[in-house]
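Below, chain A is the first sequence line, B the second, and so on; all start at residue 1.
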Amino acid sequence: MRLATWNVNSLRSRLERVVEWLVTADVDAVALQETKVADDKFPVMAFEAAGYEVAYHGLNQWNGVAVVSRVGLRDVQVGFPGVPPFGDPPVAEARAMGATVGPADGPGVRLWSLYVPNGRTVEDPHYAYKLRWLEALREAATGWAAAAPEQPLALVGDWNIAPTDEDVWDPSVFTGTHVTPAERAALAAFTDAGFADVVLPLTGPGVFSYWDYQQLAFPKKRGMRIDLVLGNEAFASRVTGARVDREQRKPKASTTGQGPSDHAPVVVELDL
DNA sequence: ATGGTAGCGATGCTA
């Protein structure tokens with residue numbers, strides 16, 4: 001099975017690119033983040049026409065997550081217990097959903113599409129929210145793993161954390177969020193809970209997944225590795241390959257209105 | 001030269 005995760009930065013503005021990529025890259029299931037579309041406007045038909053089922057969660061033009069699969073899609077869960085609300089009035093933002101993908105006669109993969117809060121700056125309320133959100137997710141995920149240790153379980157998406165200094169193009173320019181000890185500790189707590197980064201060992205360090213739109217960051221190779229696939233042992237032991245599809249960070253040749261997301265898809269091969 | 005990019009949706013907010 002070929003799985004992927006991709007922060008698409010607006011699904012509707014990139015629909016053609018996303019569906020075409022799924023088909024040509026032969027992807028069985030993908031977790032999408034930052035779909036930026038409310039549920040009543042989700043482009044279901046484009047996926048179904050290509051042979052994929054969809055589960056989606058979007059409240060408004062912000063955030064938004066989805067799971068897309070052509071190998072079965074079941075047990076959809078929106079959000080997780082204990083997710084901290086945010087905003088005025090406080091609401092649980094559309095940043096997490098789970099679904100089981102894979103044939104019904106097998107174990108499948110319990111796939112969580114996650115869009116971790118950005119944090120903005122360390123002084124901003126969004127930063128404390130980010131840390132609370134991660135802690136709540138870790139508690140929930142620890143419970144899922146303990147309840148079904150044989151079930152392959154993957155926590156995938158835009159974590160908005162660079163795990164180490166090797167995961168940013170120049171550590172000296174990163175003084176704000178994404179690299180703070182508290183954020184890295186929050187991520188390390190997932191490792192302690194039995195979830196492993198399954199991509200890093202297969203790609204090696206320095207393989208980025210995000211490049212800012214500004215200042216020609218992509219051609220200058222000024223990126224970050226913040227889109228991560230963490231799996232429990234049942235998942236990690238089945239992983240046979242991983243890559244980042246940098247081609248999808250490039251504009252489409254000789255066309256306008258075909259711009260890329262600022263993130264590239266991360267792809268994982270699974271023996272399942 | 002005090003900006004710079006992109007998306008949503010109608011203005012400024014978010015990343």
List the residues meeting ring-ring contact (aromatic ring centres under 6.0 Å, His included) with [X], not counting sequence neighbours, and say none if there are none.
X      : answer
A:Y52  : none
A:Y56  : A:F42
A:Y127 : none
A:F208 : none

Residues two or more places apart in sequence or in another chain: which of them pass side-chain hydrogen bond (donor to acceptor under 3.5 Å, both in side chains) with A:E20?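 If we apply the side-chain hydrogen bond (donor to acceptor under 3.5 Å, both in side chains) test to A:E20, skipping adjacent residues, the hits are A:K252.
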
What is the ring orientation for A:Y129 with A:F86, classed by angle as parallel under 30°, tilted 30 to 60°, or perpendicular over 60°?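 The arrangement is parallel - the two ring planes meet at less than 30°.
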
Quick check: do A:L187 and A:L228 have side-chain heavy atoms less than 4.5 Å from each other?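 Side chain of A:L187 against side chain of A:L228, heavy atoms only: contact under 4.5 Å found.
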
Give me the distance, rounded to whole Å, that separates [N] from [M] when you measure between the [atom1] atoms they each carry.
N      : M      : atom1 : result
B:dT2  : B:dA10 : C1'   : 27 Å
B:dG3  : B:dC8  : C1'   : 22 Å
B:dA15 : B:dG9  : P     : 15 Å
B:dA1  : B:dG7  : C1'   : 27 Å
B:dA6  : B:dT11 : P     : 23 Å

Name the residue closer to the 5' end of DNA chain B, choosing between A:D212 and A:Q61 according to the nucleotide with the nearest heavy atom.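 Counting from the 5' end, the first nearest nucleotide belongs to A:D212.
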
Whichever of A:H263 and A:L11 has its nearest DNA chain B nucleotide further upstream toward 5':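 The answer here is A:L11.
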
Over all strands shown, is A:R222 touching base, sugar-phosphate only, or nothing at heavy-atom distances under 4.0 angstrom?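 Here A:R222 touches no strand at all.
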
What's A:Y115 touching, base or sugar-phosphate or nothing? Going by heavy atoms closer than 4.0 Å.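 It contacts sugar-phosphate atoms only.
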
What residues, two or more places apart in sequence or in another chain, satisfy side chain to side chain contact (heavy atoms under 4.5 Å, CB included) together with A:Q77?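 By the side chain to side chain contact (heavy atoms under 4.5 Å, CB included) rule, A:Q77 matches A:P81, A:R110, A:W112.
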
By a strict heavy-atom criterion of less than 4.0 Å, which residues belonging to residues 118-127 of chain A are in contact with DNA chain B?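 Those residues are A:N118, A:R120.
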
Show me the side-chain donor-acceptor pairs of residues 141-150 of chain A shorter than 3.5 Å, one per line, residues at least two apart or across chains.
{"from": "A:T142", "atom 1": "OG1", "to": "A:R138", "atom 2": "O", "distance (Å)": "2.6"}

Using a 4.0 Å cut-off to any heavy atom of chain A, which nucleotides of DNA chain B are the first and last in contact, reading 5' to 3'?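 Range of nucleotides within reach of chain A: B:dG4 to B:dA15.
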
